[in-house]
Amino acid sequence: MEAPEQEPYPLDVEAVRADFPILQRKVGGDVTAPGEGEGDTKPLVYLDNAATSHTPDQVVDTIADYYRSYNSNVHRGIHQLSQEASTAYEHAHDRVAEFIGAEGREEVVFTKNTTEAENLVAYAWGLNELGPEDNVVLTEMEHHASLVTWQQIGKKTGADVRFIRVDDDGRLDMDHARDLVDDDTAMANVVHVSNTLGTVNPVAELADLVHDHDGLVFVDGAQSVPHMPVDVQAIDADFFAFSGHKMCGPTGIGVLYGKQHLLEEMQPYLYGGEMIRTVTYEDSEWEDLPWKFEAGTPVIAQGIALHAAIDYLEDLGMENVHAHEQLLAEYAYDRLTEYDDVNIYGPPGDDRAGLVAFNVDGVHAHDLSSILNDHGVAVRAGDHCTQPLHDKLDIAASARASFYVYNTREEIDELVEAVDDARQLFA
Amino acid sequence: MGIGGGSDMYRQQILDHYKNPRNYGELDDVTFSHTGENPSCGDTITVDVRLEDDGETIDYVAFSGDGCAISQASASMLSERLQGMTLEELEAMDTDDITEMLGVDISPMRIKCAVLARQVAQDGAKLHEGEIDDLDVTKTED
């Protein structure tokens, strides 16, 4: 690169990278045995963070500490370990509430992931409240997590499911949104940040619009909460969901935020232990929020680890996390647009989240991804769980590079070099 | 080399068959024709087969489709390989035969691209022979 003076990173990237030992591993060899082996010779360039992020030592240590020193089931033991685990697990709910601006733990339900949070509301609220006279508004850039869920709930209830158009720049057509949302709109489910286009949607404005018509708004925050400061009350979301594994946490933990009065009115989606207060052979009474929605042994280790992941991110500062990714996204956008035969989807580089989905003319995304893999560069290739959006873009698949706190300009240079290699191979 | 596949997957022969596919198109006097796809990749392949009068020997094969280099090159090479083979020999072909034909190691994630054309040809033959009768489009499993 010719530019000698580069803007300093908003984060101390070297210090951050030291927290993630996996970034030191090499790849390129035998894939049948997990972990680094003899044939692995190329440094890993991990640019698949929108699929899942890596886990810092601080979070891994928290999980290990839980299992080594106070592993126990929660809310059902008087013994000391159970009390310690219960307290830590409950505090994790408080920490999440504070992180996203919820009123308190009553509004924070732990789930398996974003998808389960979507299904929880679809089943507990949608199946009971929707009918043929209602409509559910989605966007054309919804992830399958919400798209398939509400599509199927629409079929079961007769509710009309409609989609806000995405314009040629990859942004929501807000005029179309104003046409679609009407007094029969019972629910609007909007993705906060598109995992394919990188578009940051005006969710607060959409919430206003839907609330004007007395509908509810569910914001899918899977790609926003890990990457930027989010305040669910500022957005005025009725429901909001995200996943732990995309934000330095482990797999198996997601969060459903819901306004307390809504969660109180809703019936449980899963029945069993933990979610009940009293049970007779004839009937049962539900436990208070949020436990009413956490049937069975919950995600204890994962919830406690999510607390640690939030601590980690807030130590970095969410503003800094966001600024770092913006810098990388703009850099990647600028470098990839040096090539006329590279097509990037979504808004321009200075107006997008930290991911770039693209194709190279004449190279299938899976071939591209294989060649990038040869360079040690991990990107996602496929439809990124937005198959209808890919159909609309008239492409079978795309490659997607997505960035996080530990990525560098040099890694993007490696990506660009690999893309250039693919171009030449297929020229 | 390891079974990671890699750049070695894109040797000259593969790229040549991808850029200049052999026997590409549709047959006029086709004995049987069958289509398949990899739903997760968007690869599609249609294989047209014309048999000789003995009803067993493959006289000519054409293919058409769209997809990644591995799936399309594999179809192109298979269309050459099958000519003169019997249906029995076609049905006996396994994954090793395909990787041997391609002459490169295919990474585990890409195997289904490599074997799509073979699967389509085999299902087409089975449909023709009445061994199966309820398959519209071959879909490789994920």
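The analysis underlying the following values was restricted to heavy atoms, covering all of them including side chains, and did not include hydrogens, waters or symmetry mates. Each chain gets a letter, A, B and so on, in the order the sequences are listed, and its residues count up from 1.
Atom OH of A:Y339 sits in a crowded spot, with more than 12 heavy atoms from other residues, nucleotides or ligands closer than 6.0 Å. Residue-environment remark: CG (B:D54) exceeds the threshold of 12 foreign heavy atoms within 6.0 Å. In B:E26, the CD atom is not crowded: 12 or fewer heavy atoms of neighbouring residues, nucleotides or ligands sit closer than 6.0 Å. Crowding of B:E131 atom CD: a count of heavy atoms from other residues, nucleotides or ligands under 6.0 Å exceeding 12. Sparse packing is recorded around NZ of A:K156, with 12 or fewer heavy atoms of other residues, nucleotides or ligands lying under 6.0 Å away. Counting non-hydrogen atoms of neighbouring residues, nucleotides and ligands closer than 6.0 angstrom, the CG atom of B:N20 exceeds 12 such neighbours.
Listed here is the closest heavy atom pair of A:G362 and B:Y18: O-OH, 3.5 Å. B:Y10 approaches A:S370 most closely through the heavy-atom pair OH-CB, 3.4 Å.
Put simply, SG on B:C113 and NE2 on A:H364 are 7.5 Å apart, with the number rounded to the nearest 0.5 Å.
Among B:D66, B:L15, B:D43, the residue making the largest number of heavy-atom pairs under 4.5 Å with chain A is B:L15.
The shortest distance between side-chain heavy atoms of B:S107 and A:V31 does not fall below 4.5 Å.
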Practice prompt. Decide side chain to side chain contact (heavy atoms under 4.5 Å, CB included) for B:R110 and A:D367; before the verdict, give the C-alpha distance in whole Å, the side-chain angles of both, and the deciding distance to 0.1 Å.
Written response: CA-CA 9 Å; B:R110 304 297 302 281; A:D367 293 324; 2.9 Å; yes
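There is no contact between A:A33 and chain B, counting heavy-atom distances below 4.5 Å.
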